[in-house]
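Residue numbering restarts at 1 for every chain, and letters A, B, ... go by the order of the sequence lines.
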Amino acid sequence: MLPDIKFSFKELKYSIFYMVLSVFSLSLIAFITFELEYFTGIELESFLEFLGVLKNNWIETHGALFLHSIQILFLITFFAEVKIIISRMTRNWTL
Amino acid sequence: MSLTNKTPLEIPALNGDNDNLGIVFFNIGIFLIILGLCMFIPVAVDINSHNPDWRVFALCGGLVTAIGGLLYLANKRNYKSLSVKQGFLITTTTWITIPLVGSLPFIFSDLDISFTDAFFEAISGVTTTGSTVLSGLDGMPPGILIWRSLLQWLGGVGIIVMGIAIMPLLKIGGMQLFRTEAFDVSENFIPRSTKLAASLSVLYVGLTTMCATALTLAGMTPFEAICHALTTISTGGFSTSDASIGHFDSAAIDYVISIFMVVGSIPFVLYLKLMHSGPKYVFCDQQVRGFLLVLASIIGPLSIYLYLNSDYNLANSFRYVVFNVISVITGTGYASTDYTLWGNLSAVIFFFIMFIGGCSGSTSCGIKIFRFQIMIITIKNYLKKYFYPNGIFVSKYNNHKVTDTVSSSVFVFIFLFFMSFIFISLCLILLGLDFKTAISGAGTALSNVGPGIGNVIGPAGNFETLPDTAKWVLSFAMLLGRLEILSVLVLMSTRFWKN
């Protein structure tokens with residue numbers, strides 16, 4: 001005999017909707033975070049060039065290093081963002 | 001009551017919750033809309049790389065979205081709940097419809113492949129198997145490559161939701177042990193399933209993004225990193241190169257992918273617990289500990305064996321063993337080298353470990369660790385009862401009592417799994433495949449791993465040369481394995497279709 005269970009259709013519909021919404025929202029957050037960090041990095045590099053701390057056109061010779069630093073920074077900040085979002089979503093839960 | 005007095009709503013076949021097919025088509029409509037919209041991602045990728053295939057994806061995307069929209073609108077009713085019967089129907093029909101529709105871009109693109117090949121590729125993607133009929137991947141249009149990866153990634157989401165929300169309620173193969181209150185609507189309904197689904201999606205996207213970033217850092221191009229991240233977290237195994245991960249020949253890439261394959265094979269609910277209450281829950285979980293123990297007990301001895309029997313140094317032996325063992329156990333199916341050339345012992349080990357699988361509630365497949373643990377617990381209990389016939393022994397797994405129902409469900413599942421394996425192997429042998437290809441093909445398809453053993457479908461080969469009928473048999477095996485066998489078999493029972 002099949003188990004006597006009823007799945008809530010409303011919940012199912014909302015679940016699919018929220019899943020799609022979450023995927024788009026988090027992808028957008030990831031994109032914005034990376035772009036913000038990248039442009040902040042570029043501006044910081046220009047400022048350090050202006051102060052004389054870095055040589056002129058430093059970024060052209062150290063492009064790979066710069067990009068890697070931004071990627072590492074992104075990994076850390078994005079992980080923190082995901083943790084904050086999930087902590088808020090699962091607040092008051094008994095998992 | 002005369003016929004003239006009947007209002008349309010009183011006709012049983014179209015009436016609300018009793019309308020089995022209506023609710024099934026409605027759900028398929030929703031999933032087709034999502035799939036159709038996803039086809040616009042390859043459109044963007046192909047336009048960006050000036051590839052004319054973008055038209056194929058745009059056309060297919062529009063068509064699939066329109067069909068999905070029509071199904072949605074035509075079957076829109078005020079449904080209140082889904083019965084288990086409808087749950088089974090929706091699960092299986094969705095997992096057949098999505099590969100059918102997902103194969104359209106393969107058929108209409110410049111790949112010049114048959115419908116059988118296109119369907120095989122799509123179902124291998126959606127079920128996260130990773131067996132391929134395509135060769136020349138290195139020069140393939142980027143739209144096709146990202147579409148293959150997306151199919152696996154979408155399949156991965158479906159598997160997590162199924163493993164956490166649906167299978168435990170349907171009590172398939174002992175999955176009732178992982179019943180989550182969030183989706184339980186039978187008695188004490190707690191309205192938070194939407195939140196659980198949303199947080200799992202956040203986690204899934206988060207892990208994929210982190211994996212892609214880590215792969216870029218390890219040396220892949222952003223496109224390759226995205227494609228591989230999509231197929232790593234979903235433990236799918238489609239690559240952008242014929243040589244799979246061996247193409248990159250980078251220890252950093254091997255280790256990053258190994259870590260994320262393990263991440264994809266651990267129950268996703270545990271990550272929520274980790275972020276909610278700290279890391280103690282992850283390592284307290286009996287299934288995770290068992291999984292890590294299995295990995296360590298295979299990787300350690302096999303690394304030493306490879307070091308002693310090959311030209312590799314210890315570091316490289318360890319690297320290749322770690323990567324390939326994790327890839328096969330988790331059902332990902334990447335290969336960094338042809339491990340069948342390491343000797344007969346390793347070929348036998350790789351054949352057997354493809355059945356193990358990862359943890360329940362993750363994207364991985366196969367028999368799964370918890371079933372082996374339940375079997376061991378049950379056998380231990382049986383032996384105790386043999387020595388102490390009057391004793392009462394209570395077995396526990398993850399603080400849940402292991403009832404006789406759970407034990408028998410697990411044994412039934414494993415019995416059916418191996419019966420299906422024998423049946424599929426026999427079918428493949430009858431179709432003219434050699435013994436090694438037939439049994440490894442059946443094993444790899446049922447366990448959703450990807451490559452088999454041997455020259456034809458081994459890590460260095462692909463499924464292109466198999467006869468069409470064999471590809472259909474293997475497609476059925478992939479579906480059977482992915483839906484935990486019973487979900488498909490139950491539909492073949494006449495009792496299921498009786499009111």
Task: Nearest heavy atoms of B/Gly206 and A/Leu26, plus distance in Å - done: N-CD2, 3.4 Å
TODO: With rounding to the nearest 0.5 Å, note down the distance linking CG in B/Leu272 to CE in A/Met89.
DONE: 9.5 Å
TODO: Write out, in numerical order, the residues from residues 53-69 of chain A with a heavy atom short of 4.5 Å from a heavy atom in chain B.
DONE: A/His68
Task: Portion of B/Tyr204 that has a non-hydrogen atom of chain A nearer than 4.5 angstrom - done: neither
- [ ] List in chain and number order the residues that pass side chain to side chain donor-acceptor pair (under 3.5 Å) with B/Thr363, two or more places apart in sequence or in another chain; answer none if no residue qualifies.
- [x] B/Thr235
Task: Pairwise distance CG(B/Leu274) to NZ(A/Lys83) - rounded to 0.5 angstrom - done: 7.5 Å
- [ ] Heavy-atom pairs under 4.5 Å with chain A are the metric here; pick the option from B/Thr216, B/Ile30, B/Thr208 that has the most.
- [x] B/Thr216
TODO: Answer yes or no: are there more than 12 heavy-atom neighbours, outside B/Lys76 itself, under 6.0 Å from its atom NZ?
DONE: no
- [ ] Could you have a look at B/Leu207, B/Val205, B/Ile34 and say which one has the most heavy-atom pairs with chain A under 4.5 angstrom?
- [x] B/Val205
Task: side chain to side chain donor-acceptor pair (under 3.5 Å) involving B/Thr405 - partner list, sequence neighbours excluded - done: none
Task: Crowding at CZ, B/Phe40 (>12 non-hydrogen neighbours, <6.0 Å) - done: yes
Open item on the list: Does B/Tyr255, at its OH atom, have more than 12 non-hydrogen atoms belonging to other residues, nucleotides or ligands within less than 6.0 Å?
Closed with: yes
Open item on the list: So if I take each residue of residues 72-81 of chain A and look for any heavy atom under 4.5 Å from a heavy atom in chain B, which residues do I end up with?
Closed with: A/Ile72, A/Phe74, A/Leu75, A/Phe78, A/Phe79
Task: Option from B/Val202, B/Leu200, B/Val161 for which side-chain contact (heavy atoms from CB on, under 4.5 Å) with A/Met19 holds - done: B/Val161
Open item on the list: Need one label for B/Phe26: side chain, backbone, both or neither, based on atoms under 4.5 Å from any heavy atom in chain A.
Closed with: side chain
Task: Interatomic spacing from NZ in B/Lys273 to CD1 in A/Ile86 - rounded to 0.5 Å - done: 14.5 Å
- [ ] Go through the atoms of A/Val23 and report whether side chain, backbone, both or neither lie under 4.5 Å from a heavy atom of chain B.
- [x] both
